[in-house]
Amino acid sequence: MAASSRAQVLDLYRAMLRESKRFSAYNYRTYAVRRIRDAFRENKNVKDPVEIQTLVNKAKRDLGIIHRQVHIGQLYSTDKLIIENRDMPRT
């Protein structure tokens, strides 16, 4: 993979993780982060430039979807789950 392509993929990976961490719902947030990490790990050994570009284009579309879903989720936010409250002492 060329250096510029590698940098582009890493920037896209970081952007997707950053955006997915903005989900207000805990389950969506953890699922999105896990799915992004798994997808990038699964395709880390791809060498074909055409396939890399196809995967990058798909990731850009997915980033747009994540961005839209985060905004929609913020419109209909709910209370935090018990698992998200870190102020409570563990027993």
Side-chain angles (χ1 to χ4, degrees):
M1 182 179 344
S4 64
S5 178
R6 179 177 171 78
Q8 180 185 17
V9 169
L10 289 174
D11 286 343
L12 189 56
Y13 176 71
R14 288 184 195 113
M16 290 180 80
L17 284 178
R18 199 175 313 116
E19 190 65 27
S20 66
K21 288 179 181 178
R22 293 181 55 215
F23 274 113
S24 58
Y26 174 81
N27 289 329
Y28 289 135
R29 186 171 52 247
T30 55
Y31 173 77
V33 169
R34 186 178 66 242
R35 183 64 189 105
I36 290 166
R37 286 183 178 150
D38 290 348
F40 275 81
R41 279 189 197 123
E42 180 181 317
N43 295 310
K44 74 178 182 179
N45 295 321
V46 174
K47 302 290 185 209
D48 181 27
V50 175
E51 188 174 353
I52 290 171
Q53 192 58 44
T54 303
L55 291 168
V56 166
N57 291 338
K58 181 183 181 304
K60 285 180 181 178
R61 282 193 313 270
D62 291 346
L63 178 59
I65 292 169
I66 291 170
H67 186 71
R68 285 189 297 274
Q69 287 302 119
V70 164
H71 285 293
I72 291 170
Q74 289 171 350
L75 292 173
Y76 303 103
S77 63
T78 59
D79 295 335
K80 289 189 176 242
L81 299 174
I82 292 290
I83 197 167
E84 294 179 276
N85 293 335
R86 297 184 186 259
D87 297 338
M88 299 179 70
R90 292 185 181 179
T91 56

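Summarising the geometry of M16 relative to I66, their closest heavy-atom pair is CE-CD1, 4.0 Å, with the distance given to 0.1 Å. Of all heavy-atom pairs between S24 and Q74, the closest is OG-N, 4.4 Å. Across all their heavy atoms, A59 and L12 have their closest contact at CB-CD2, 3.2 Å. Of all heavy-atom pairs between E19 and V70, the closest is O-CG2, 3.5 Å.
Of the inter-residue distances, the one linking Y13 atom OH with K44 atom NZ reads 10.5 Å to the nearest 0.5 angstrom. Atom CD1 of I72 is separated from atom CZ of F23 by 9.5 Å, given to the nearest 0.5 angstrom. In this structure, CZ on R68 lies 5.5 Å from CD1 on I65, to the nearest 0.5 angstrom. With rounding to the nearest 0.5 angstrom, the CD1 atom of I36 is 5.0 Å from the CG atom of L17. Expressed to the nearest 0.5 Å, how far CZ of R37 lies from OG of S20 amounts to 8.0 Å. Put simply, CG on L55 and CG on D62 are 10.5 Å apart, with the number rounded to the nearest 0.5 Å.
The pair D11-R14 meets the salt-bridge criterion, since a charged nitrogen lies less than 4.0 angstrom from a carboxylate oxygen.
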Taking it one step at a time, do L75 and H71 satisfy side-chain contact (heavy atoms from CB on, under 4.5 Å)?
-> CA-CA 7 Å; L75 292 173; H71 285 293; 6.0 Å; no

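Here the side chains of Q8 and K60 are in contact, with some heavy-atom distance below 4.5 Å. Proximity of R29 to R22: side-chain heavy atoms (C-beta onward) are nowhere separated by under 4.5 Å.
Side-chain heavy atoms closer than 4.5 Å link hydrophobic residues (I, L, V, M, F, W, Y) into clusters, and following such links, even through other members, never connects F40 to L10.
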